[in-house]
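Here the structure is laid out as structure tokens; the discussion comes afterwards.
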Amino acid sequence: MSLIDNPMYKLQRLQAFGCFLLFSSLFSLIPTSTTFALTDAEAAYIARRQLKTLPPNDELPPEVEYEVKVSLTFSNQRLKKAYIGLQALKKAIYSDPMNKTGDWVGSNVCNYTGVFCSEALDDKSITVVSGVDLNHADIAAHFPAEMGYMTDLALIHINSNRFCGIVPKTMSRLKLMYEFDISNNRFVGPFPEVALSWPTLRFLDLRYNNFEGSIPPELFEKNLDALFLNNNRFKSTIPKEIGKSTVSVVTFANNKFEGCIPHSIGKMSNLNEIIFMNNNLVGCFPEEVGMLTNVTLFDASSNAFTGSLPESLTGMKSIESLDLSNNKLTGTVPENVCKLPKLSNFTFSRNYFQSEPNACQVPSKKDIVFDDTYNCLPGRPKQRSTQECQPVISQLVDCSKDKCAGGGGRSPHKPKHKPKPNPEPQPPKQPHPPTPVYHHPPPSPSKESPKTPIKQAGKEEVSPLERSRPPAPPIHPPPVSSPPPVHSPSPPVKPPPAPVYSPPPPVHSPPPPVKSPPPRPTEGIHLPPNLGFQYSSPPPPMFPGY
């Protein structure tokens with residue numbers, strides 16, 4: 001069978017080409033004056049570059065010897081392989097406006113900007129490349145298959161760039177991967193299953209991309225501490241295996257998840273924060289939600305939950321922020337929920353509650369905020385009209401018969417329409433944003449440096465950017481002794497990672513802060529001292545409608 005006839009090869013080509021199709025539709029809606037936008041020709045050029053380099057069998061060819069200048073010497077073969085991988089990544093870059101990879105020249109890969117080295121785990125006498133951090137660099141590129149040669153990598157941070165295409169399966173060789181942050185890019189295709197093959201993975205951030213399809217149940221059986229899935233195109237039920245998850249924080253927000261909240265959620269003993277906001281989840285809340293005694297933030301707003309709130313919610317003794325707004329909840333708000341000891345914000349607006357106790361109207365402490373607006377509460381201000389309330393409260397849902405709540409009835413069907421918001425203007429949602437340790441503003445526009453085109457069959461394909469834009473002025477590499485940028489992790493050392501703090505909430509979809517420290521890494525893993533200590537949240541998408 002020829003490579004072209006190989007089904008897996010065709011599938012990979014279709015997935016990567018999806019990036020071009022997506023860009024074609026997106027950029028047709030964007031004004032031409034947008035500084036960082038790629039043209040259709042540029043997006044197609046990036047997609048073609050990945051298509052030409054993807055191996056047909058998902059594996060790197062064995063015993064491959066890449067052309068390396070004879071004058072280049074390496075202290076060990078692992079650094080030579082890292083050089084091959086990094087040079088392939090540099091060649092895959094279409095635009096590097098900040099010239100972050102301008103000093104990626106020569107055999108001293110440990111001095112490359114954004115590249116970090118440490119001693120090998122299995123041989124302390126040799127040095128290897130253990131991390132790549134190119135956060136907020138505004139680089140337009142794709143992952144080359146040769147990334148699979150960098151088998152000592154424990155960290156990849158490329159958030160807030162313009163990476164395109166798919167995550168190649170050759171990266172399944174990176175068995176030491178601990179933190180993988182590719183948020184706020186333009187990756188496409190199904191969930192990147194290479195992440196399931198990394199045994200030491202603890203932090204996975206896929207926010208603000210265009211991944212789609214279902215979430216593999218095996219994901220929740222991994223020993224993760226933080227999982228960010230929000231702002232993609234995932235569409236599936238939430239697997240019941242979520243109860244096996246070790247995460248302290250997980251976000252499902254702004255996708256198309258549907259069905260019930262699994263009953264197994266009560267088994268998530270490490271959970272501190274969970275966000276279901278703005279999906280298509282339905283039915284009554286399961287009683288097991290009350291077993292989340294360590295949860296401080298629970299957000300199930302903007303879904304289609306129905307029925308009354310379970311009394312078991314009073315078991316959430318650590319809850320600080322509870323948001324159930326914009327659903328179809330009815331009945332009475334449980335009084336003891338409003339009296340939970342650590343509660344500071346309880347938002348149940350834009351539902352159809354018919355009564356609430358006085359404890360939910362007059363806070364027992366001055367720092368507590370309750371929002372009961374746009375319900376069906378007699379005598380309370382800013383409520384729904386009788387015409388809005390009557391169709392819902394005349395057909396109350398019996399949660400004792402609802403399958404989502406553990407009853408014997410049928411699972412509720414996905415509603416055709418979500419509850420209509422009140423025509424009056426609604427202020428933007430701003431739930432207790434954490435104070436960021438630092439903030440990286442969106443990168444300023446600058447001239448891109450020319451890139452070396454990929455040669456195919458003796459021909460050289462010239463980038464549209466190279467034909468239309470002048471070359472950037474020469475960049476002098478920083479001296480070897482220069483410290484790495486403040487926002488990048490320093491070279492790996494032995495101590496385990498410090499606590500993972502969460503990103504500040506992006507506009508319309510707040511990723512939760514990670515307050516709990518991650519589990520201690522497997523014995524012998526060496527990571528940078530800043531690893532997990534600061535995570536800059538991806539800024540909102542650069543382009544309208546993205």
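What you are looking at is a predicted structure, and each value in this text was computed from that prediction instead of being measured.
Counting heavy atoms from C-beta on, the side chains of Leu219 and Phe191 come closer than 4.5 Å. For the pair Val295 and Asn272, the minimum side-chain heavy-atom distance is 4.5 Å or more. Between Leu271 and Val250 the shortest side-chain heavy-atom distance falls below 4.5 Å. Between Leu153 and Leu176, every side-chain heavy-atom pair lies at or beyond the 4.5 Å cut-off. Side-chain contact between Ile275 and Leu297: present, with at least one pair of heavy atoms (C-beta onward) separated by less than 4.5 Å. Using a 4.5 Å cut-off on side-chain heavy atoms (C-beta onward), Lys235 and Ser214 make no contact. With contacts defined as side-chain heavy-atom distances shorter than 4.5 Å, the pair Met268/Val247 qualifies. Proximity of Leu134 to His157: side-chain heavy atoms (C-beta onward) are nowhere separated by under 4.5 Å.
With Asp103 as the partner, the side-chain hydrogen bond (donor to acceptor under 3.5 Å, both in side chains) test is satisfied by one option alone out of Asn111, Thr113, Asn108: Thr113. In summary, of the residues considered (Tyr178, Phe180, Phe228), a ring-ring contact (aromatic ring centres under 6.0 Å, His included) with Phe203 occurs for Phe228 alone.
With sequence neighbours excluded, the residues that form a side-chain hydrogen bond (donor to acceptor under 3.5 Å, both in side chains) with Gln87 are Tyr112. With sequence neighbours left out, Thr127 forms a side-chain contact (heavy atoms from CB on, under 4.5 Å) with Cys110, Cys117. Under the salt bridge (charged side-chain N to carboxylate O under 4.0 Å, His left out) criterion, Glu193 pairs with no residue, sequence neighbours left out. For Lys175, the side-chain hydrogen bond (donor to acceptor under 3.5 Å, both in side chains) test picks out no residue, with sequence neighbours left out. Glu218 is linked by a side-chain hydrogen bond (donor to acceptor under 3.5 Å, both in side chains) to nothing, counting only residues two or more places apart in sequence or in another chain. Listed by chain and number, the residues in a side-chain contact (heavy atoms from CB on, under 4.5 Å) with Ser107 are Leu72, Phe74 (sequence neighbours excluded). Legend: residues meeting side-chain contact (heavy atoms from CB on, under 4.5 Å) with Lys81, ordered by chain and number and at least two apart, are Tyr149. Looking at residues two or more places apart in sequence or on another chain, you find a side-chain hydrogen bond (donor to acceptor under 3.5 Å, both in side chains) between Asp123 and Ser125. Scored by the side-chain contact (heavy atoms from CB on, under 4.5 Å) test, Asn255 finds Asn232, Phe234, Phe257, Asn279 as partners (sequence neighbours excluded).
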Arg162 vs Ser95, test: side-chain hydrogen bond (donor to acceptor under 3.5 Å, both in side chains). Steps then yes/no. CA-CA 9 Å; Arg162 292 176 289 161; Ser95 170; 3.1 Å; yes
Let me see the working for Met177 and Ile156 under side-chain contact (heavy atoms from CB on, under 4.5 Å), right down to the final yes or no. CA-CA 8 Å; Met177 187 58 60; Ile156 291 180; 3.7 Å; yes
Set out, in order, the CA-CA distance, both residues' side-chain angles and the distance that settles side-chain hydrogen bond (donor to acceptor under 3.5 Å, both in side chains) for Arg233 and Asn210, then state yes or no. CA-CA 6 Å; Arg233 300 183 177 196; Asn210 284 285; 2.9 Å; yes
Steps toward side-chain hydrogen bond (donor to acceptor under 3.5 Å, both in side chains) verdict (Ser130, Ser118): CA-CA 6 Å; Ser130 57; Ser118 66; 3.3 Å; yes
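Asn254 and Asn230 are not linked by any side-chain donor-acceptor pair at a separation below 3.5 angstrom, with hydrogens and angles left out of the test.
The distance between the ring centers of Phe143 and Phe163 falls below 6.0 angstrom.
Going from atom CZ of Arg207 over to atom CG of Asn159 covers 7.5 Å, rounded to the nearest 0.5 Å. Note that CG of Asp225 is 7.0 Å distant from OG1 of Thr246, once rounded to the nearest 0.5 Å.
Under a 4.0 Å N-O distance rule, the pair Arg78/Asp122 qualifies as a salt bridge.
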